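As structure tokens, the structure follows; a few thoughts come after it.
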Amino acid sequence: MSNANRYTGLVDRYRDRLPVSKTTRAISLNEGNTPLIKLDNIPRLIGKNVEIYVKYEGLNPTGSFKDRGMTMAVTKAVEEGSKAIICASTGNTSAAAAAYAARAGIKAFVLIPEGKIAMGKMAQSMMYGAVTLQIHGNFDDGMRLVKEVADQAPVTIVNSINPFRLQGQKTIAYEIVDALGRAPDYHCLPVGNAGNITAHWMGYTEALTENFSFEKDQVVYDAEADAFTGQTPIGRPIMVGYQASGAAPFLRGGPVENPETVATAIRIGNPQSFNHAKAVVRDSNGWFDELTDAEILEAQRMLSMYEGVFVEPASAASIGGAIRDIKAGKIAEGSVIVCTVTGNGLKDPDTAIKQCEDAVMLSIDAELNQVRDSILSNM
Ligand SMILES: *Cc1c(COP(=O)(O)O)cnc(C)c1O
């Protein structure tokens, strides 16, 4: 049987647009190629004439978009002879790092804030066999320690400061442009460490460059010039980044000391790609905004109940923010909007169950009359 049409992950799919050679062995779990789902009910519910799509990144192999970056980071680490990787994480980077390290047969060390990551993510890094270091500190402390220890131990950092991470993550924009045949008018996403919004922008810019060559046309952020190189001005979306109010350095104008939010994936006070993300929003005429935890959870529930798409709290910031800005007219009617929903709802069952106290859940005898009456009284 021919294997020619089997999808084998984004390094193979976009080999000519990534910093790999024809012979680089891809460390892959067939990540990417996620569904772009058009919302049917929410636009009607809010009474606005808009096309909203969610890019469901929770359907990646470890349940978040981090797999896109990790396949590239680990592919390159292995190519360069590394035997161990390390990251600080709010849970999803560690899950992805652990899985791809297992795939590659190398070691993974993950630093996570003790008691502050969702249960599903914890289970993942343990199952995939990472060495899990729970620190008495937050993500930003972990990030600082990872940078320091990389000078003293033979480990490759696979946080998004590793440039290969963003190279992998940019492929999300390629897929969206492929699927829609154009870029959307607006792209909304949650922002934590701010690598993903940066990667989206790189990807959109490159996707819309004709006859793209990696050597000539790849987009990078030049820190000294505070500018992206290789930009073309046409057809890219307005980029909108949403943060949790308790962890919103882009709204406060600088680092936040003790970030706190139910959306643990974006519980970050000192984003590593702060300047990059500011440049993205500036260059695309976009904006940052914030949502309270209550707003985030409401959006999470709404997307589940009205569209059947269950995402984790951080991911819901994109849809919650977009709905608010559509209602306010800040995002115009007639627009095509894509929201990245970054992680799977199953990652964080505790938070989900806690907010479903009003869900209909009955405890009855294993008896026909009771089952029938329960149905008839709840139709
Ligand atoms: C990592 C993550 C984010 C934030 O992405 P950044 O690149 O750090 O801005 C958002 N949602 C989920 C589910 C994540 O895992």
Side-chain angles (χ1 to χ4, degrees), residues 31 34 54-60 62-70 73 87-97 99 110 112-113 116-118 120-121 124-125 138-140 142-143 158-163 165-170 172-173 187-203 221 239-244 247-250 259 261-278 280-281 288 291 296 299-300 303 309-321 339-348 351-352:
E31 61 295 310
T34 55
V54 292
K55 182 70 168 158
Y56 195 7
E57 289 291 283
L59 292 191
N60 274 298
T62 79
S64 86
F65 76 84
K66 299 300 198 302
D67 293 341
R68 289 182 189 273
M70 206 53 73
C87 64
S89 180
T90 57
N92 281 332
T93 300
S94 51
V110 304
I112 56 174
K116 292 290 186 182
I117 80 166
K121 304 175 187 180
Q124 286 181 292
S125 78
N138 61 27
F139 171 84
D140 303 298
M143 193 64 244
V158 294
N159 281 103
S160 57
I161 56 169
N162 175 327
R165 278 276 308 277
L166 299 195
Q167 288 295 321
Q169 285 171 215
K170 73 183 182 183
I172 189 172
H187 192 119
C188 303
L189 74 165
V191 171
N193 216 15
N196 209 25
I197 191 170
T198 308
H200 277 66
W201 186 241
M202 289 158 51
Y221 176 73
M239 301 295 300
V240 187
Y242 296 108
Q243 300 215 278
F250 287 99
T261 169
V262 68
T264 49
I266 51 173
R267 185 174 169 272
I268 293 173
N270 186 18
Q272 297 298 305
S273 297
F274 190 82
N275 292 333
H276 312 50
K278 267 184 34 184
V280 169
V281 163
F288 291 105
L291 288 86
I296 288 172
Q300 184 195 20
L303 193 57
V309 178
F310 182 26
V311 303
E312 68 171 284
S315 312
S318 62
I319 195 78
C339 294
T340 305
V341 286
T342 44
N344 198 303
L346 295 171
K347 294 261 191 183
D348 191 357
T351 306

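Side-chain atoms are counted along with the backbone in the values below, which use heavy atoms only and exclude waters and symmetry mates. Just so you know, ligand 1 is whichever comes first in the structure, and atom 1 is the first atom listed for that ligand. Start at 1 with the first residue, then count along the sequence. From a predicted model like this one, the values you see are computed outputs, not experimental measurements.
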**Message:** Below a 4.0 angstrom heavy-atom separation, can you tell me which part of Thr90, side chain or backbone, both or neither, approaches ligand 1?
**Reply:** neither
**Prompt:** Who's the nearest protein heavy-atom neighbour of atom 5 (O) of ligand 1, and how far?
**Reply:** Phe65 CZ, 3.4 Å
**Request:** Report the part of Ala194 (side chain from C-beta onward, or backbone N, CA, C, O) that has a heavy atom under 4.0 Å from ligand 1; answer both or neither where that applies.
**Result:** backbone
**Request:** Would you check the N or O atoms of Ile197, main chain and side chain alike, for any that come under 3.5 Å of an N or O of ligand 1?
**Result:** no
**Item:** Asn92-ligand 1 polar pair, N/O distance under 3.5 Å
**Value:** yes
**Item:** Non-hydrogen atom of Ser160 closer than 4.0 Å to ligand 1
**Value:** no
**Message:** Between Ile117 and Thr264, is there a side-chain heavy-atom distance shorter than 4.5 Å?
**Reply:** no
**Prompt:** Does the side chain of Arg267 reach to within under 4.5 Å of the side chain of Asn138, using non-hydrogen atoms?
**Reply:** yes
**Complete:** shortest atom 8 (O) of ligand 1-to-protein heavy-atom contact is with Asn193 N, 2.7 Å
**Request:** Below 4.0 angstrom from a heavy atom of Gly343, which ligand 1 atoms are there? Numbered from 1 as shown, please.
**Result:** 13 (C)
**Message:** Ignoring hydrogens and geometry beyond distance, is a side-chain donor-acceptor pair present between Lys116 and Thr90 at under 3.5 Å?
**Reply:** no
**Test item: Glu57 and Ile172 side chains (from C-beta on) under 4.5 Å apart, heavy atoms** = yes
**Prompt:** Are any of the side-chain heavy atoms of Glu31 and Met70 separated by less than 4.5 Å?
**Reply:** no
**Request:** Determine yes or no for a side-chain-to-main-chain donor-acceptor pair under 3.5 angstrom, with Ser315 supplying the side chain and Gly343 the backbone.
**Result:** yes
**Asked** Hey, are the side chains of Thr261 and Gln243 touching, using non-hydrogen atoms and a 4.5 Å cut-off?
**Response** no
**Complete:** A student checking ligand 1 against Val191 at a 4.0 Å heavy-atom cut-off should list atoms 9 (O)
**Message:** Under 4.0 Å from a heavy atom of Ala314: which atoms of ligand 1 are those, numbered in the order shown and with their elements?
**Reply:** 11 (N)
**Asked** Going by the order shown, which atoms of ligand 1 are within less than 4.0 Å of some heavy atom of Ile266?
**Response** 3 (C), 4 (C), 10 (C)
**Message:** Quick check: Gly195 and ligand 1, any N/O pair under 3.5 Å apart?
**Reply:** yes
**Parallel, tilted or perpendicular, as decided by the 30° and 60° cut-offs, for the rings of Phe288 and Phe250** = parallel
**Asked** To which of Lys66, Gln243, Lys121, Glu57 does the heavy atom nearest atom 14 (C) of ligand 1 belong?
**Response** Lys66
**Asked** Heavy atom under 4.0 Å from ligand 1: found in Glu312's side chain, backbone, both, or neither?
**Response** side chain
**Prompt:** Can you tell me if Thr340 uses its side chain to pair, donor with acceptor, with the backbone of Thr342 under 3.5 Å?
**Reply:** no
**Message:** Among Arg68, Met202, His200, which residue satisfies the side chain to side chain contact (heavy atoms under 4.5 Å, CB included) criterion with Gln169?
**Reply:** Arg68
**Fill in**
Restricting to heavy atoms, the pick from Asn196, Leu189, Thr342, Val341 nearest atom 12 (C) of ligand 1 would be Thr342
